[in-house]
2 protein chains.
Amino acid sequence: MTDLAEPVRPAAPPRRRDAGATRAAILEAARIAFAATGYDRTSLRDIAALAGSDVALIPRYFGGKEGLFTEALKATIAPDRLRDWDRSRFSRDVAEMMAGAADIADPRTRTFQFLLQAATSPTTAPLLGRAVQERFLAPIRDWLGDEAGQERARVLAAIYIGFLVERLIRGAALEGPERTAFVERVTAVIDGVIGPG
Amino acid sequence: MTDLAEPVRPAAPPRRRDAGATRAAILEAARIAFAATGYDRTSLRDIAALAGSDVALIPRYFGGKEGLFTEALKATIAPDRLRDWDRSRFSRDVAEMMAGAADIADPRTRTFQFLLQAATSPTTAPLLGRAVQERFLAPIRDWLGDEAGQERARVLAAIYIGFLVERLIRGAALEGPERTAFVERVTAVIDGVIGPG
DNA sequence: GGCCCATGTCAATGCGCGTTGACTTGTCGA
DNA sequence: TCGACAAGTCAACGCGCATTGACATGGGCC
């Protein structure tokens, strides 16, 4: 990891020695760093620097790198805010988002990258299926309404994931007419799934 | 990497010293190993053992680990037989394939796993982007016809990838009415992209 | 105010990695 | 047949990593 951001810790800590706060800072830094660079390319030194604490605390507090990753994964698989989205604007919002570059600051991007990273790690791979079911399929199904069924959620989730991967691979944002055409078509595709029957 | 298989080399080599064959064995071993465990978790020693050759040959033949990965990636993303596909049956064929379970024995699955591994590593993601552009998007664009433009190929590729991920995560094949509904909808989605304008 | 344990710091250790260079050995042409 | 060069082997190096244990220090409690 090259450079991400300044330390996560609050500017004026109420106590200069607070194990709970330190632990939380490390965990938050780990979520950011693991999502950004994956398990292997993220060193505990990176995480400690991002958390503004010492490397040696990590094995002590989390039992090691794997323990930290597991806990960060659990913390990342949280209920989505999909219900808050405006359904009439959903497809276009998603399309616009997909036309942009992958923004690591976006928690959704972070979550997705994290899950993708987890998929490639044999230790954490089994967690992924359940995570996707809980975090993607179930919310989407509920959001679409009961009449939609599992199948529409499945298709929508697949398309969503596909565009996330595409964006991840693409790197840069789309520009000009290509962006316009892309957004139009993605909007149409998603509308085709969530719209009628 | 723990244990994969026996060395790839032919049992009775015609020549005991054959740089071309050794290079090819290393490359094939790299394709298998990288697909299985990703860039970071695969060591050159693993690959060399799988190829039945020496570690030191890899930097010499491929210029280093990155060079080997790049070449393995290129070899994996070979020009597809896309042109041979029947366009009128394309969407339904794909949909039926997606409704099934992911078959590890299928070279396409292996290829895809390789790409997914590449996508999650920041080092290799740019390489993957270029490779996908050259070997995936461009053929699709040509296949769709010039009027289609880059943008339709992009959308189609994203959808394709998304369903591959979904299938990989899902594990089991779909059955009964859910399968029918899934196939119908996927067919419609793909038709919507490759069909009209 | 002073003890003492929780908390944080620091240096050191061992390991696996990619890479390098010197060396050996096979093989093919003269 | 034999020499030269390609091909393969081997040991070692430097580096970054996670982890450990000894040490320093802050702050709540008596």
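A, B, ... follow the sequence lines: proteins, then strands. Residue 1 opens every chain.
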Quiz item: Does the pair B:Lys65 and B:Ile58 meet the rule for a side-chain contact (heavy atoms from CB on, under 4.5 Å), with working shown?
Solution: CA-CA 7 Å; B:Lys65 191 179 185 181; B:Ile58 300 183; over 6 Å; no
Quiz item: Just how far, in rounded Å, is P of C:dG8 from CZ of A:Phe62?
Solution: 12 Å
Quiz prompt | Residue A:Ala56, side-chain heavy atoms: nucleotide from D:dA24, C:dC10, D:dA7 that is nearest | solution = C:dC10
Quiz prompt | Distance in angstrom units between B:Arg23 CZ and D:dG8 C1', rounded | solution = 16 Å
Exercise. Quick one: sort the B:Tyr39 and B:Phe69 rings into parallel, tilted or perpendicular, breaks at 30° and 60°.
Key: perpendicular
Exercise. Under the salt bridge (Lys or Arg N to Asp or Glu O under 4.0 Å) rule, collect the residues that match up with B:Arg167, sequence neighbours excluded.
Key: none
Run the side-chain donor-acceptor check on residues 94-102 of chain B: report pairs under 3.5 Å with partners two or more places apart or on a different chain.
from	atom 1	to	atom 2	distance (Å)
B:Glu96	OE1	B:Arg179	NH2	2.9

Practice problem: Calculate the interatomic distance between B:Leu57 atom CG and D:dT9 atom C1'; express it in whole Å. | Solution: 8 Å
Practice problem: Grab the CG-P distance between A:Asp54 and D:dA18 for me, whole Å please. | Solution: 13 Å
Self-check item: Base D:dG28 to side chain A:Arg17, donor-acceptor N/O within 3.5 Å cut-off
Solution: no
Quiz item: Does the side chain of B:Asp46 come within less than 4.5 Å of B:Leu50's, by heavy atoms?
Solution: no
Quiz item: Does A:Thr22 put a side-chain nitrogen or oxygen below 4.0 Å from OP1 or OP2 of C:dG8?
Solution: yes
Practice problem: Would you classify B:Tyr61 as touching base, sugar-phosphate or nothing, given that sugar-phosphate means primed atoms plus P, OP1 and OP2, and contacts are heavy atoms under 4.0 Å? | Solution: sugar-phosphate
Exercise. Grab the CG-C1' distance between B:Leu68 and C:dT19 for me, whole Å please.
Key: 14 Å
Practice problem: Confirm from the modelled atom types if A:Arg60 and D:dG21 form a donor-acceptor pair under 3.5 Å, side chain to base only. | Solution: no
Strictly under 3.5 Å: I want the nitrogen or oxygen pairs between protein and nucleotides 16-18 of chain C, one per line.
from	atom 1	to	atom 2	distance (Å)
C:dG18	OP1	B:Leu44	N	3.3
C:dG18	OP1	B:Lys65	NZ	3.0
C:dG18	OP2	B:Leu44	N	2.9
C:dG18	N7	B:Arg45	NH1	2.8
C:dG18	O6	B:Arg45	NH2	3.2

Quiz item: For the pair made of CD1 in B:Ile26 and P in D:dT9, what is the distance, rounded to whole Å?
Solution: 10 Å
Self-check item: Residue pairs fulfilling salt bridge (Lys or Arg N to Asp or Glu O under 4.0 Å) with at least one residue in residues 153-166 of chain B, sequence neighbours excluded
Solution: A:Arg154-B:Glu166, A:Glu166-B:Arg154, A:Glu178-B:Arg154, B:Glu166-B:Arg170
Quiz item: Can B:Phe34 and B:Ile47 be said to form a side-chain contact (heavy atoms from CB on, under 4.5 Å), step by step?
Solution: CA-CA 9 Å; B:Phe34 280 140; B:Ile47 295 173; 3.8 Å; yes
Quiz item: Looking at side-chain heavy atoms only, is the closest gap between B:Leu68 and B:Leu44 below 4.5 Å?
Solution: yes
Practice problem: Could you tell me which residues satisfy salt bridge (Lys or Arg N to Asp or Glu O under 4.0 Å) with B:Arg45, sequence neighbours excluded, listed by chain and number? | Solution: none
Quiz item: Over its full length, what angle do the end axes of the helix from C:dG1-D:dC30 to C:dA30-D:dT1 make, each axis taken from five pairs and the result rounded to 10 degrees?
Solution: 0°
Quiz item: Rounded to whole angstrom units, what separation is found between the CG atom of A:Asp18 and the P atom of D:dG28?
Solution: 10 Å
